[in-house]
Amino acid sequence: MPFVIANGVRTYYEMTGEGAPLLLIAGNGMDHTAFRDQVPAFAPRFRCITYDLRGIGKSDVTDSGYTVPEMARDALGLLFVLGFSGAHVAGYSLGGAIGQQMAIEEPERVQSLSLYSTFSHVEPYLRRRYELLVKILVETTPELWAMFTTFSAFGEEYINAHDAEIEKEIALRTARWRGPDAPPKVGLLGHYQAILAHDVRSRLSEIRCPTWIAVGSSDPVAPPSYARYLHERIAGSQLRIYPGAPHRLLNFTSQFTADALAFLLEAREPV
């Protein structure tokens, strides 16, 4: 299995495809498979690097270091040990927060930035969601955690139109957290803590690379208002809102993947 030590963390990664390096950063509690619908489309044009964040999957579950700045150093460290001076960076949810931090702290190493279903800071609405998630994860059952995370991530419009799919998602999440290979809670709690502390509002103007922002119109976790905030403050950024899409934008529509690839190709070879 491919492991490296990145920023002191034993990190599992996979690399697929040829071309310019593209680092794909998953959301909280998600492993390297989060971009399973995108890698086959991206790999013919980019060398796709997926990895397990600290605290999840096959990577180290550390006792500390669960902040967005530290996890950005993990990502930059991964690129360094793989021999890449820079890369295109695409992040989903928490991964998008990590991508923002990378572009702020090491701008010369981020060639373009793709931000999917993400946020620059946590307002009371989002804060209360993650405070609830912390208590549910610590104090109740895997079933309740699975029910709440699914309900609160997909929202009214999507749930009403895909009720059977939602039932399957709850069952999958429950099984994952009850099985013999269930990830330790400390990692997911750390991801929640990283989200709660994330705030780069005062530094968004420092992001100068080509930036594409995508969000679902029905995202109840990081609603379009967060995407618009990013768009208004990152000079030259592009914004795409997908009608009816929930927070899990990665797996909602093939049009999203096509548009994401089109931006990457444009960023790789600017006119």
Side-chain angles (χ1 to χ4, degrees), residues 25-31 33-38 56 90-100 114-137 140-177 188-189 191-196 198 212-232 238-260:
I25 311 176
N28 70 80
M30 303 174 77
D31 64 16
T33 64
F35 295 92
R36 59 187 178 273
D37 290 347
Q38 285 69 51
I56 201 69
Y92 166 72
S93 197
L94 171 60
I98 294 168
Q100 293 164 48
S114 298
L115 301 175
Y116 312 145
S117 306
T118 193
F119 42 87
S120 60
H121 61 287
V122 173
E123 292 182 332
Y125 169 84
L126 191 56
R127 173 177 57 79
R128 290 190 177 277
R129 178 182 191 266
Y130 282 100
E131 287 174 345
L132 268 170
L133 280 171
V134 168
K135 290 188 70 66
I136 288 170
L137 184 64
T140 63
T141 64
E143 290 88 347
L144 184 57
W145 175 86
M147 291 174 70
F148 179 76
T149 56
T150 304
F151 174 76
S152 65
F154 285 88
E156 177 188 8
E157 183 176 354
Y158 191 86
I159 291 173
N160 283 340
H162 303 87
D163 192 46
E165 180 184 324
I166 292 298
E167 193 66 30
K168 291 179 182 177
E169 181 70 20
I170 293 171
L172 285 171
R173 295 186 184 207
T174 301
R176 181 187 179 200
W177 287 91
L188 186 53
L189 287 170
H191 291 185
Y192 293 164
Q193 292 162 1
I195 289 169
L196 284 165
H198 176 58
W212 189 67
I213 302 161
V215 68
S217 68
S218 297
D219 186 340
V221 178
S225 59
Y226 283 99
R228 293 190 183 99
Y229 189 95
L230 288 162
H231 175 53
E232 290 168 1
Q238 303 174 40
L239 172 63
R240 180 70 185 269
I241 300 176
Y242 290 85
H247 186 58
R248 187 72 69 81
L249 185 59
L250 296 178
N251 313 120
F252 178 71
T253 171
S254 59
Q255 186 60 54
F256 160 75
T257 300
D259 294 341

For this session: Answer whether the closest heavy-atom distance between the side chains of L250 and F256 falls below 4.5 Å.
Result: yes
For this session: Decide whether a cation-pi geometry holds between R240 and Y242; the criteria are a distance under 6.0 Å from NZ or CZ to the six-membered ring centre and an angle within 45° of the ring axis.
Result: yes
Problem set entry | Any pair counted as salt bridge (charged side-chain N to carboxylate O under 4.0 Å, His left out), so long as it reaches residues 141-156, sequence neighbours left out | E143-R178
For this session: Please check if the distance between the ring centroids of F154 and H162 is under 6.0 Å.
Result: no
Problem set entry | Under the side-chain contact (heavy atoms from CB on, under 4.5 Å) test, residues paired with Q238 that sit two or more places apart | W212, F263, E266
Exercise. Side chain of T141, backbone of L144: donor and acceptor closer than 3.5 Å?
Worked result: yes
Problem set entry | Within-4.5 Å side-chain heavy-atom neighbours: L188 and I56 | no
Problem set entry | Heavy atoms from other residues, nucleotides or ligands near CZ of R128 exceed 12 (cutoff 6.0 Å) | no
For this session: Working to the nearest 0.5 Å, report the span between CD1 of I241 and CG of L249.
Result: 11.0 Å
For this session: For the pair E167 (side chain) and D163 (backbone), establish whether a donor and an acceptor sit closer than 3.5 Å, ignoring hydrogens and angles.
Result: no
Problem set entry | Closest heavy-atom pair and its distance - V215, A222 | CG2-O, 3.5 Å
Exercise. Between A194 and L94, what is the shortest heavy-atom contact and its length?
Worked result: CB-CD1, 4.3 Å
Problem set entry | 4.5 Å side-chain heavy-atom contact, Y125 and P220 | yes
Problem set entry | Heavy-atom closest pair, residues A227 and L239 | CB-CD1, 3.8 Å
Exercise. Hey, are R173 and E169 close enough for a salt bridge, meaning a charged N less than 4.0 Å from a carboxylate O?
Worked result: yes
For this session: Could you tell me whether the side chain of I170 reaches within less than 4.5 Å of the side chain of F151, counting heavy atoms only?
Result: no
Problem set entry | Approximate separation, where rounding is to 0.5 Å, of D259 CG and S114 OG | 11.5 Å
Exercise. What pair of heavy atoms forms the shortest contact from V122 to I195, and how long is it?
Worked result: CG2-O, 3.0 Å
Exercise. Can you name the nearest heavy-atom pair linking A90 to F35, along with the distance?
Worked result: O-CZ, 4.2 Å
Exercise. Just by distance, do the side chain of H198 and the backbone of F119 share a donor-acceptor pair under 3.5 Å?
Worked result: yes
Exercise. Can you tell me if S217 uses its side chain to pair, donor with acceptor, with the backbone of G244 under 3.5 Å?
Worked result: yes
Exercise. Say you draw a straight line from CD1 of I98 to CD1 of I25; how long is it, rounded to the nearest 0.5 Å?
Worked result: 5.5 Å
Exercise. Side-chain contact, heavy-atom cut-off 4.5 Å: Y226 with D219?
Worked result: no
For this session: Mind running side chain to side chain contact (heavy atoms under 4.5 Å, CB included) on L133 and W145 for me, showing each step along the way?
Result: CA-CA 7 Å; L133 280 171; W145 175 86; 4.3 Å; yes
Problem set entry | Atom pair CG (L126) and NE2 (H121), whose distance is rounded to the nearest 0.5 Å | 9.0 Å
Problem set entry | Interatomic spacing from OG in S218 to CG in N160 - rounded to 0.5 Å | 10.5 Å
Exercise. Hey, does the side chain of T149 reach the backbone of A146 with a donor-acceptor pair shorter than 3.5 angstrom?
Worked result: yes
Seminar exercise, completed: By side-chain hydrogen bond (donor to acceptor under 3.5 Å, both in side chains), S225 pairs with (sequence neighbours left out) none
Exercise. Got a donor-acceptor contact below 3.5 angstrom from the H247 side chain to the A153 backbone?
Worked result: no
Exercise. Do Y130 and V221 have side chains that get closer than 4.5 Å, going by heavy atoms?
Worked result: yes
For this session: Take V134 and L189 through the test side chain to side chain contact (heavy atoms under 4.5 Å, CB included) and record every step on the way to the result.
Result: CA-CA 6 Å; V134 168; L189 287 170; 4.0 Å; yes
Problem set entry | Exercise: identify the closest heavy-atom pair between H191 and G29 | ND1-N, 3.0 Å
Seminar exercise, completed: Here the gap from L230 atom CG to L115 atom CG, rounded to the nearest 0.5 Å, amounts to 6.0 Å
